[in-house]
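Below is one structure, written out as structure tokens, with a few remarks after it.
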Amino acid sequence: MQKLIIEGGTPLFGEINTQGSKNAVLPVLAACVLCEGQVFLKNCPCISDRYAAARILSALGAKTHSEQGMMSADCQSITSCEIGMGLMKAMRSSIIFMGALLGRMGECTLCYPGGCNLGPRPIDMHIAAMKKMGVQISDEHGFISCKAPDGLKGCTHSLSFPSVGATENIMLAAVCAEGETVISNAAREPEICCLGDFLRACGAKIIGDGGGRIVIEGVGRLMPPSEPFEIIPDRIAAATYLSAAACAGGELLIRNCTPVHLEAVIPVFEQMGCRIKVFGSNIYIYKKGRLSSADTIRTMVYPGFPTDVQAIVMAPLCTAQGTTVFVENIFENRYRHADALCRMGADIRAEGKVAVVTGVPGLYGTIAEAPDLRGGAAILCAALGAEGVTELSGVSFIDRGYENIEGVLSSAGAKISRITEE
Ligand code: EPZ
């Protein structure tokens, strides 16, 4: 088992290059199934979820190759349309292969996906949309068997909630379906636009991604992009490093990110008292002295405040002067990091959707376990500013979404190391 050992109290100073987006590369890797040829991707994050997606592609018969940020996937000959439970349970994003396999093969067999325990995380919206496109679905003991005997038919589908995954699944099923598909109340996240850009580069006819209404005209087949496709920067990772600086103090220059994707997040750091400068694809943050509390933080779908940044921004607010109220509107169980932060001395009262954080003068190191990906990142950030040493286990959660997090933070002066215990 691996642990991160973090010795708090050292301000950060340095530059950090933003990794590629986990939540963009995963649907793009699923989309490779639709391409009859070899796809090249660049700026892929070196995170475990990327390799989990590559294992799914290999299990389907694709040939994949990874080298640092570069990846290739040759789906010329897909030999299977079945994904085993082990591969499906590795992450939530495995469910996106449903739309891609239906689009390419007209059938697939898989099971319910894994992913962080943030609540029930059903896939009812995914299933309802596939059925509307002519897919016959049987769900027996958690195994989902899908067949489109007459092929996929375009349809107009209104999502009851702008689900990111459901939007992506419908896009993947629709690009080669017969006729036109309209997705209304579609998710607007930047990762949706990245998938749309990739599919257009493969010859798909898609308009409206990034808005609430996406229109897709089915085409016969997709071919690989003519040049390597670049994955967008990870906005959640960039927010995480802003939080690390807010917790530890000092100054960081976060390079090669997309500041416009953080328009709901940056003002919160400014409210806390951090000095932020945005120029081009870079964000500079400086923090000295005690932070102040922020206005109520309500998580919303994009372009609102991202649910994935809720835990991350709670960390610095634990020692801010004043009280900050959080309202988590997206997931039912997303305050699992509060227990560990309270063991570090924080004053957090969480009940249902609401958490009230009353700032304390300082936090103390503890022995903690990451409850999920972003909760683990939040505890890590808090530990950077805490007095003493924190031992953080559950590192496999953090490695799912962050590339070499201890190396990146160490390069900015953090005292953090990874140990392996038998
Ligand atoms: C994506 O998850 C992200 N994951 C999540 O990031 C992110 O938190 C989430 O979108 C919201 O932005 C990836 O992209 C791999 P949803 P997804 O479908 O697609 C409910 C991270 O830390 N829902 O938009 O699963 C669902 O339970 C992860 O990087 C249904 O009820 O999110 C949730 O309450 C965590 N039925 C809400 O909608 C459905 O069929 C939003 O889910 C689908 C979703």
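Just so you know, ligand 1 is whichever comes first in the structure, and atom 1 is the first atom listed for that ligand. All values derive from a computational prediction rather than experimental measurement.
With sequence neighbours left out, the side chain to side chain donor-acceptor pair (under 3.5 Å) criterion links Y112 to D139. By the ring-ring contact (aromatic ring centres under 6.0 Å, His included) test, F198 is found to be paired with F229, residues two or more places apart in sequence or in another chain being considered.
Using modelled atom types and a 3.5 Å distance limit, the side chains of T307 and E328 yield a donor-acceptor pair.
Judged purely by atom type and a 3.5 angstrom limit, R374 has no side-chain atom pairing as donor or acceptor with the backbone of D308. Of the possible donor and acceptor atoms, one in the side chain of N185 sits under 3.5 Å from a partner among the backbone N and O of L159.
Protein residues with any heavy atom under 4.0 Å from ligand 1: K22, N23, R92, S93, L118, R121, P122, I123, D124, M125, H126, F161, S163, V164, G165, T307, D308, I330, F331, R334, L373, R374.
The list of side chain to side chain donor-acceptor pair (under 3.5 Å) pairs with a residue in residues 190-202, not counting sequence neighbours, reads E191-R235, D197-R200, R200-D209.
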